[in-house]
Structures are given as C-alpha cells and as structure tokens.
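In what follows, every chain begins at residue 1, and chains take the letters A, B, ... in the order their sequences are listed.
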2 protein chains.
Amino acid sequence: MATGRSHRPATRSRGIPEATVARLPLYLRALTGLSERSVPTVSSEELAAAAGVNSAKLRKDFSYLGSYGTRGVGYDVEYLVYQISRELGLTQDWPVVIVGIGNLGAALANYGGFASRGFRVAALIDADPAMAGKPVAGIPVQHSDELEKIIEDNGVSIGVIATPAGAAQQVCDRLVAAGVTSILNFAPTVLSVPDGVDVRKVDLSIELQILAFHEQRKAGEEAEAAAHDGSGPVAATRREAAEQGPDGDVPAVMPA
Amino acid sequence: MATGRSHRPATRSRGIPEATVARLPLYLRALTGLSERSVPTVSSEELAAAAGVNSAKLRKDFSYLGSYGTRGVGYDVEYLVYQISRELGLTQDWPVVIVGIGNLGAALANYGGFASRGFRVAALIDADPAMAGKPVAGIPVQHSDELEKIIEDNGVSIGVIATPAGAAQQVCDRLVAAGVTSILNFAPTVLSVPDGVDVRKVDLSIELQILAFHEQRKAGEEAEAAAHDGSGPVAATRREAAEQGPDGDVPAVMPA
DNA sequence: CCATCTTTGTGCACGCGTTCACAAAGACAT
DNA sequence: ATGTCTTTGTGAACGCGTGCACAAAGATGG
C-alpha cells in the first residue's frame, strides 16, 4: 500500500543503523583486497583510509557488529571478512533475476561483481520474443511469460529491473506477486511496492544532474573570483553561466 | 590531497542542502512527465506522490529555491521545470566523456537519459587499440592516448569512468590533470582526488549487498514468526538462515 | 467587498548520523 | 610482574534532515 517508498526501510534493522549497513560492503571490499595480499591485521586507521571513510566512523560501525578488534593491534582481516559477510547475508547463495536484457541488462549479466559475492544470476528475462533463447553472458534469455515460474522454481527473492521506464512498474508488480521482496531498479521511475518489499534505485541521469549542479556552482564561484583576478585557473573554452544574481530570488522573466 | 572523499562536498552549496539537491532531479522528472501531458499546475501533494516523497519535504525543498508556488493553487509546471533546470545547471550544455567502453560503457553511451537533459556524449574512450574507430551508439571510440586532447578541445568538465577497477585511479588522475572536475565512477574502487573535484560513485554490487542484508533480516524474522505459527506466508523453497541468535554477540567459532 | 476554502511556506521539535576526545584494554619490552 | 605504548570502543556534543502542524496568502464564490 505504501507508495514509492524507496530505500531506507525506516525501521532500524536489528540495531544496525542503515547508514552503517550501506558502508559494510565498502569495508568488505577493502578487506578482501587486504586478504588477497595476505595482510593478517589492519588498524581502523588503515582500513578507513582504504575504504575512504573516517576512522572513528569505521570503529563505531564495527562496534554495532560486536567487539571484533584487539586493542593495540587492530582487526584480524580474515575474521572480519567472515563477520561482515555473515552480517550481510553473503554466506548464503542469492539467486537473482535480471529483467530487461537491453544494453544495461546485458552489462549487468556480464558484471563480475555479482558472482564473486554470493549472488548468482538465476535467469535473464526479456519481453522481446526475438531475444528468447539467445545466450547473454552464457545464459539463455527467457521470455517474460516464464517470469512467475522462474521465480518460484528458483526461490528468487531479489530482482533487478533494467527495462524501459514504461514497463518497470508492471514488471515490478509481477515480480512482487511472484514472491520477490527486494528490487534493484535501474529504470527511471518511482516504483510503488507493498510494505515489506525493499526497493533500491540506481539512476544514472540523476547522478549526472547532481554533478552538474556542483559543476555549475564551481563555475559560478570561479567566475566571481576571476572577475577581479584576471587569470582563469582552468582550461580554455568553458562557459561562464553569467546571469543570475548572487541571491536566489531572481526576478526571472519566464511566465506561464 | 583529500583521499577518497566521495560525494557530499561538505560545504552546503549556496544555502541549498545537499539532500535537497539530490531530490531536485526527481522532481524534475515528475514535472517533465506532467508537462508532456500538458498539466498546467500541480499541488505539492500531487507532485510529492509522483516523485515518491513527503509533501512537506517537497515544499521545504522548493522553499530553498524561492517562492515559486501560489497558495490555494499550487505550482506552475512549466515555470517550475525551468527553475529547477536552471538551478541544476541543465540550461547549459555539458559535454561528457565516457572512459572504458566495455558492456557497461556501451550501455551508458546508448542510454537516452543523457541527451534529454543537457548532457552530450562528447567522446568514448577506451584503452584497447582494437576498439579504436569502432562506432558505439553512433560515436567512434577513441584511444586513451587522445584523452587529454579530447578533454581540452571540448572543454569537458564531467567524466564517466566505466573501466575495470584496476585502471580507474589512473584514468581518474589523467582526467583530473586534464581539467575534469566532476567524476561519475562505476568502477568498484575508492578514488583519490584533489580538493575541488567531486566524485559520485555507483556500485551495483554494493546495492545488491544492501538488499541482501535486508532480505536476510526479513527471512530471519519470518522464520522466527513461523516458529510458532506453522504457515510460512511466502512461497515454497526459500532458505531460512537459521543460525545466529537474536542478539548480536554470537560466540561464533571462526578463529584466526 | 467579504467570507470561505485551499494550499503554500515555515517555525519547531525530534531523531539519526557524524565527529571528537578519552578511558579501558591489551600487546610487548624489559 | 610492571610500565609503556598502541589502538579499540564509546560517551557526549553537535549538526543536518525530516515531519508536524499552523499561520499567512491568495483564489473563488456570493
């Protein structure tokens, strides 16, 4: 019944803050790197640097999982890898379906990062009959008609939507009806899902727009600075975004 | 000098909270949809529903941009589209380069959401000489050797990294040295960039791991409930993730 | 012109997340 | 065994973001 509740499942899960959960994969990746180089222990300072976060934050994050460090020494890499993996549920196997095998869907199917961490692509599904049977990343694409059967047969609880925006909600509804309770959505749409279903979205266009905002801001400040400096610090042809006074309330002429 | 400072440029930009900036693209998308259906005005309530957020939050967000609504009526759709576009810097043209034309890079090149919002793919760059000249999404791939020249000639300030993890930092360094000040990183690595450069990262594997965490939590709760209920509410074969007591401090046997 | 009704804009309180700073804990050398 | 040194784990303060609830503003009808 809840409409468009994107990530952040509101309730703090088992005492572990959502923000911490979001960082655990980051730590895990850094730790895996250390593990491969056979580093036995790390300090919070070192690991924090490798993961790109504050060391105090990292220690507090780990404190939610338990006391897994040794004072004066640091954390045992292998042990921590195991603990975080277990906490994230990566010690079990998660079958995943990808719906919508266009460019993006194919890229996802080929993405190595899945298999390496407990995720297994159980099926690729597309609405185009011409795609059916065609192998992508070594897996034959199946037609949408089979969606429900595939989900149930494989016990799939995580679905990835990589369809065009128009089809996303419909696909989402079918996935949920068939038993999927976690969805990763790449389509640029707000999905409505019932309570108890988690949705996370990845929107390339939105990320770029956020960057553009900051980029514009930088260009504006720089233009201001250059106004009484003379030498522009950055390359040749960059537009200056001149209009718009320093304060927000421009008398902008742009009627209805 | 700053290491791995991912998004959140710390300083609140021009008084607009970062959280608000991140939602503006969402509003813009919803508004664009309304605009195409020639809807003249929307209330905060309606628009909030379409964007999947709280209406109070939406109103507060808009209040940072100025007073663009009319009490008793709502917001003028076209006017708001313009204001948000301007605020995000989408009224100007942003040339973008994509580095690393594998599956993902190709998918990005083909992604329609870019062109529609002021972004223009200025060049596709790959390190593989065999790719050079090969057209992807109608644009010929260029070799990495040309990177600096391309950036400077086109005044590119936004770069997208879709290379393997191993190459990402090196590519990043070259982009920054050539004048790029905003980077969208798809490689699963923490990038180090100097101050003044913004990095946003998109990590498919991390999103899935976060979902897995919540999925595991749900399975655990459900198992607990089913323990004295008898009828599992969800489909047939789902693993139960039984071990692990209700409290965090498991005496787990997994030594160093 | 006045009353009513709708919807915005925002003051305020609350909760989450971050960061600082330090005491407690353990390793290690002597 | 004792002291020193390193590093963890956490109490406490702070700041940001969210959501409630309401007053102000304007439209609309009589």
Any pair counted as salt bridge (Lys or Arg N to Asp or Glu O under 4.0 Å), so long as it reaches residues 158-177 of chain A, sequence neighbours left out: A/E148-A/R174

I want to confirm an ordering. Mapping A/D61 and B/T20 to their closest nucleotides on DNA chain D, which one lands closer to the 5' end? A/D61

So among B/T32, B/L58, B/L80, which one has a side chain to side chain contact (heavy atoms under 4.5 Å, CB included) with B/Y27? B/L58

Option among A/L208, A/I210, A/I206 that satisfies the side chain to side chain contact (heavy atoms under 4.5 Å, CB included) test with B/R200: A/I210

Answer yes if the side chains of B/Q209 and B/S205 hold a donor-acceptor pair under 3.5 Å, and no otherwise. yes

Any side-chain donor near an acceptor of the partner, A/D61 and A/T20, under 3.5 Å: yes

Scan B/Y75 against the nucleic acid and name what it touches under 4.0 Å (heavy atoms): base, sugar-phosphate only, or nothing. sugar-phosphate

How long is the straight-line distance from OG of B/S157 back to NZ of A/K218, given to the nearest 0.5 Å? 8.0 Å

Round to a whole Å and report the spacing from [atom1] of [X] to [atom2] of [N].
{"X": "A/L65", "N": "D/dG9", "atom1": "CG", "atom2": "P", "value": "10 Å"}
{"X": "B/L58", "N": "C/dT7", "atom1": "CG", "atom2": "C1'", "value": "12 Å"}
{"X": "A/K57", "N": "D/dA12", "atom1": "NZ", "atom2": "C1'", "value": "18 Å"}
{"X": "A/E45", "N": "D/dT8", "atom1": "CD", "atom2": "P", "value": "8 Å"}
{"X": "B/E18", "N": "D/dG15", "atom1": "CD", "atom2": "P", "value": "19 Å"}
{"X": "A/L47", "N": "D/dT7", "atom1": "CG", "atom2": "P", "value": "14 Å"}
{"X": "B/Q83", "N": "C/dT8", "atom1": "CD", "atom2": "C1'", "value": "17 Å"}
{"X": "B/D76", "N": "C/dT7", "atom1": "CG", "atom2": "C1'", "value": "15 Å"}

Is any side-chain N or O of A/S44 closer than 4.0 Å to OP1 or OP2 of D/dT7? no

Please confirm whether B/Y68 and B/Y79 have ring centers closer than 6.0 angstrom. yes

Using a cut-off of 4.0 Å between protein heavy atoms and nucleotide atoms, how would you tag nucleotides 20-30 of chain C 5' to 3' with B, S and -? BB--BBSS---

